[in-house]
Each structure stands twice: as C-alpha cells, then as structure tokens.
Amino acid sequence: MKKILFIVDSLEGGGAERVLIDNLNYLKNKCELHLLVFLKQGAFLNSLPSNVKLTHILDTSNLKNKNPFFKLKVRIIFRLMKSFPFLVSKFYKLKEDFDVGISAYEGFSTVILAANTNKFKRSVAYVQNDLSFHNSILNNKILAKAYNIISELIFVSDDSKNSFNNYPPFNQYKGNQYVIYNPVDVEQVIKKSNANITVVKTNFLVVSSGRLVKIKGFDKLITAASELIKIGIQIEVLILGTGPQKETLQNLINGFSIEDNVKLLGFCANPYPYIKAADLFVFLSDYEGYPLVLAEAMVLEKPILATNVTGIKNILNNGEYGFLVNNNKADIYNGMLKLIKDESLRNSYSNYLNEKRNVLPFLNGLEKTSQFLLA
C-alpha cells in the first residue's frame with residue numbers, strides 16, 4: 001500500500017482545502033494517508049477522515065487563548081518563513097519516507113515539500129491559481145525556486161498552466177506538467193443539497209460563495225445589489241464564506257442601508273442547500289485557477305453570472321455554461337438585471353446544464369487524481 005503525504009498551509013474554508021478533503025476521502029481506503037499542516041487551524045479540521053495521520057508545525061487552532069510567548073513565536077516564525085523560507089524549512093525536516101509528497105496549494109507547503117524532496121519517490125505540487133495575477137504569500141522568485149526542485153506539477157486548468165509557462169520566473173520550470181481539473185464529488189453535492197436546512201426566501205434569491213478577500217469581488221456584488229434595489233428590484237443576496245474582508249463588506253452593506261436584503265452568512269460546512277435554493281448564482285472574482293464552487297453550482301444546474309476572467313471562462317467554456325460579463329461595475333449590474341428579468345434565459349442555462357451533466361469537464365476528477373497519485 002502506497003504511503004502518501006499531503007502538505008497544506010492550513011485548513012481554512014477555501015476551495016483548495018475542500019479539494020484536499022475530497023481527495024483524502026476518496027483515497028482513504030486506497031493508501032496510507034498522512035497530512036502535514038503548517039498552521040493547525042481552519043474550518044476543515046473537523047472534516048478529515050479518521051484514518052488520516054495528522055501532524056502540524058504550529059498549533060494555532062486556539063490562538064486567542066495561547067500565552068503571549070507562543071503568539072510571539074508564531075509571528076516570528078511566520079515572518080521568517082516569508083523572508084527566508086528555505087532556511088527556516090530546514091528546521092522541519094521530515095523523519096519518515098513516503099512514496100508521494102503533495103503540496104496542495106502554492107505557499108509555505110510548496111517550500112516545505114521542496115526542502116524535503118529526498119523523502120519522496122515522487123514530489124508533486126498543485127498550482128491552484130493563475131500566478132500572473134495571484135499574490136502568493138511568498139514572492140514569485142522564491143516560489144519558482146521551490147517549483148524547480150519539485151518533479152511534477154498539477155494545474156487545475158488550462159488557463160493556469162498556460163499562464164505559468166508564459167510568465168517569468170515560472171516559465172523556467174523543466175519538470176513534468178499535467179492538467180487535472182479540481183474534482184467534484186457529484187453524488188455528495190447532490191446529497192448534501194437535499195439536507196434538512198431551511199432556506200427562507202421571499203424575493204429573487206442571489207447566492208454567492210467564497211473566501212471574503214478582495215479578489216473575490218463581493219464588494220462589486222453588494223454595490224450592484226444596492227443599485228438594483230434602488231430601482232425597485234426585489235432581491236435577496238446571501239454571501240457564504242469567511243475571511244479578512246468580513247468587516248469591510250458588512251460596513252459597505254450598512255452604508256447602503258441594505259442589511260435586510262444582503263446578508264453575510266459566514267462559513268457554511270454545507271453550502272449546497274443555499275446554492276440549490278438560488279434563482280441565480282453570482283461569482284465575481286478578478287481571477288481564478290479553477291473555481292470549485294462554480295462546478296458545484298453547475299452540478300446543481302443553477303443559472304450562473306460570472307466575470308469573464310482567467311479560470312472562470314475556462315470552467316464555463318467561454319460562456320457555454322453560464323453568462324459571462326466584463327469585470328466592471330456597469331456590466332455586472334446590467335448582467336444581473338438582464339438575468340433577473342429574463343426567466344427564459346435563466347431556464348435555458350439550467351436546462352442546458354441538465355442536458356450536459358454527464359459530459360461536464362470536471363466529472364471523474366477524483367478518479368483521475370487517484371489514478372495519477374497511485375500510479
């Protein structure tokens with residue numbers, strides 16, 4: 001039985017972390033699974049399969065209640081890792097050997113993998129984002145140096161692979177490259193969407209989901225919603241997720257006086273009943289790798305409005321599976337207004353997704369990933 005180690009920065013509630021959990025669940029009876037987290041924290045800590053052997057570098061799961069010396073230690077190590085990641089990673093040498101080591105995200109986990117390649121027969125790193133746009137926690141030269149030590153890269157979309165190979169300093173990479181779409185556990189999405197969670201809606205319901213960070217564009221959604229409400233459109237907007245922009249976004253909602261219409265629901269372990277209840281799913285990122293939540297909305301046959309940017313246009317096949325708009329406030333507003341008013345257009349997207357449900361590009365992703373890692 002193969003012995004596989006996944007490495008991730010933390011288990012916060014993002015798409016990459018959800019992909020990791022799905023992969024672990026799919027692989028749990030096929031190999032010996034280990035997981036190393038740099039920071040032991042995040043909403044997905046409680047979602048790990050019971051047979052995954054978890055280790056950590058820093059236990060920050062209850063940081064508020066830690067003593068001041070521990071908090072200082074965390075800050076120092078974090079700053080050192082950002083400035084001298086390869087030097088600091090020398091202190092975290094793995095004691096065991098593994099058949100495969102996998103960095104689940106571009107960040108500290110990639111450097112830790114690169115510093116321990118002698119412990120693996122195969123070293124594999126995911127590239128989850130378009131790195132010509134994405135601001136990693138590490139600067140590009142350091143991240144590129146780490147990739148150059150790793151033998152294989154998995155890209156989650158053609159867009160992210162093409163960008164990587166055309167953008168210095170990443171275009172110097174000489175290892176093997178593969179495109180494997182982020183997997184969706186279709187049966188689980190559908191099953192969880194039918195959970196006994198009541199979603200009360202009295203008006204047209206718009207749902208969006210993602211980590212509350214600037215690049216996800218939730219401020220544009222809130223602004224568009226306020227303009228639509230001004231002209232008498234009766235809508236409700238539910239935003240699922242947590243992150244550092246929560247207070248900023250709530251202040252924006254309060255400033256527009258639309259608290260009754262737009263709500264931040266925080267992290268939802270099961271977002272699917274909300275997506276299923278939506279009349280329209282909106283996703284307004286500035287860029288993406290291969291956004292898992294859009295794939296999940298497609299599985300649930302939701303009409304989608306999204307920005308026409310890297311990663312998103314890839315998963316929606318340049319507008320075949322959803323309505324794409326330019327990434328500016330006017331086009332977002334006009335696109336939302338059009339879809340809200342045109343029920344037949346919304347239905348056409350839903351019906352088309354129903355017709356294509358057996359040939360969507362992300363299907364069988366779990367099986368493909370498993371075959372790749374166990375080869």
Side-chain angles (χ1 to χ4, degrees), residues 1-9 16 19-20 23-24 26-27 30-38 52-53 55 57 81 85-132 134 136-183 289-290 365-375:
M1 182 175 283
K2 286 202 171 180
K3 186 177 176 183
I4 296 179
L5 173 70
F6 283 87
I7 308 172
V8 69
D9 287 12
V19 168
L20 170 62
N23 279 325
L24 291 173
Y26 193 82
L27 290 164
K30 297 178 173 66
C31 56
E32 181 183 326
L33 286 174
H34 297 250
L35 175 63
L36 171 64
V37 294
F38 176 59
V52 173
K53 298 177 182 179
T55 55
I57 293 172
M81 279 291 283
F86 280 95
L87 175 64
V88 177
S89 64
K90 300 293 184 184
F91 296 104
Y92 300 109
K93 285 296 185 183
L94 297 173
K95 296 177 182 179
E96 298 181 64
D97 291 333
F98 298 87
D99 292 295
V100 188
I102 306 133
S103 167
Y105 194 77
E106 52 270 5
F108 293 150
S109 59
T110 307
V111 174
I112 294 167
L113 175 68
N116 289 278
T117 51
N118 63 314
K119 293 292 185 179
F120 309 107
K121 294 178 183 177
R122 292 173 63 197
S123 57
V124 181
Y126 268 93
V127 180
Q128 296 277 358
N129 286 288
D130 179 342
L131 293 179
S132 65
H134 182 62
S136 169
I137 198 167
L138 302 174
N139 72 54
N140 286 347
K141 288 184 179 179
I142 291 173
L143 196 54
K145 180 182 176 183
Y147 284 135
N148 287 337
I149 299 171
I150 295 165
S151 58
E152 300 172 79
L153 300 184
I154 296 177
F155 296 89
V156 298
S157 70
D158 296 302
D159 281 348
S160 60
K161 180 176 182 286
N162 293 336
S163 176
F164 184 93
N165 288 315
N166 288 292
Y167 185 67
F170 302 109
N171 59 354
Q172 303 302 310
Y173 181 76
K174 303 299 182 185
N176 296 319
Q177 301 182 19
Y178 310 88
V179 175
I180 302 177
Y181 294 144
N182 271 340
Y290 199 80
L366 288 167
E367 182 181 352
K368 290 176 183 176
T369 304
S370 173
Q371 290 173 350
F372 174 81
L373 295 176
L374 297 175

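When a residue number appears, it is its place in the shown sequence, counting from 1.
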Quiz item: So which heavy atom on Cys31 is nearest to which on Lys2, and how close?
Solution: CB-O, 3.1 Å
Quiz item: Quick one: does Tyr167's side chain have a donor or acceptor within less than 3.5 Å of a partner on Asp130's backbone?
Solution: no
Quiz item: Is the backbone N or O of Tyr105 less than 3.5 Å from a side-chain atom of Ser109, with the two atoms forming a donor-acceptor pair by type?
Solution: yes
Quiz item: Are the side chain of Asn182 and the backbone N or O of Val156 linked by a donor-acceptor pair below 3.5 Å?
Solution: no
Quiz item: Does Glu152 come within less than 4.0 Å of Arg122, counting only side-chain N to carboxylate O?
Solution: yes
Exercise. Please confirm whether the backbone N or O of Leu366 pairs with a side-chain atom of Ser370, one donor and one acceptor, at under 3.5 Å?
Key: no
Quiz item: Using the benzene-type ring in the case of Trp, are the ring centres of His34 and Phe6 under 6.0 Å apart?
Solution: no
Quiz item: Can you check whether Tyr181 and Tyr290 have ring centres sitting under 6.0 Å from each other?
Solution: yes
Quiz item: Would a distance-only check, ignoring hydrogens and angles, find a side-chain to backbone donor-acceptor pair under 3.5 Å from Glu106 to Asn129?
Solution: yes
Practice problem: For this output row, return yes or no: ring centroids of Phe155 and Tyr126 closer than 6.0 angstrom. | Solution: no
Quiz item: Are the side chain of Asn139 and the backbone of Ile142 linked by a donor-acceptor contact shorter than 3.5 Å?
Solution: yes
Quiz item: Is the shortest distance from a Lys or Arg side-chain nitrogen in Asp99 or Lys3 to a carboxylate oxygen in the other one below 4.0 Å?
Solution: no
Quiz item: For the side chain of Lys145 and the backbone of Asn140, is there at least one donor-acceptor N/O pair under 3.5 Å apart?
Solution: no
Quiz item: Quick one: are Val8 and Leu35 in side-chain contact, heavy atoms under 4.5 Å?
Solution: yes
Quiz item: Would you say the side-chain atoms of Ser160 pair up with the backbone N or O of Ser157, donor to acceptor, closer than 3.5 Å?
Solution: yes
Quiz item: Could you go step by step and tell me if Ile102 and Ile4 meet the side chain to side chain contact (heavy atoms under 4.5 Å, CB included) rule?
Solution: CA-CA 8 Å; Ile102 306 133; Ile4 296 179; 3.3 Å; yes
Exercise. First locate atom CD1 of Ile7, then atom CD1 of Ile57, and finally report the distance between them rounded to the nearest 0.5 Å.
Key: 8.0 Å
Quiz item: Yes or no on side chain to side chain contact (heavy atoms under 4.5 Å, CB included) for Leu374 and Leu27, after CA distance, side-chain angles and deciding distance?
Solution: CA-CA 9 Å; Leu374 297 175; Leu27 290 164; 4.1 Å; yes
Quiz prompt | Heavy-atom pair with the smallest gap, counting every atom of Ser163 and Leu131 | solution = OG-N, 4.3 Å
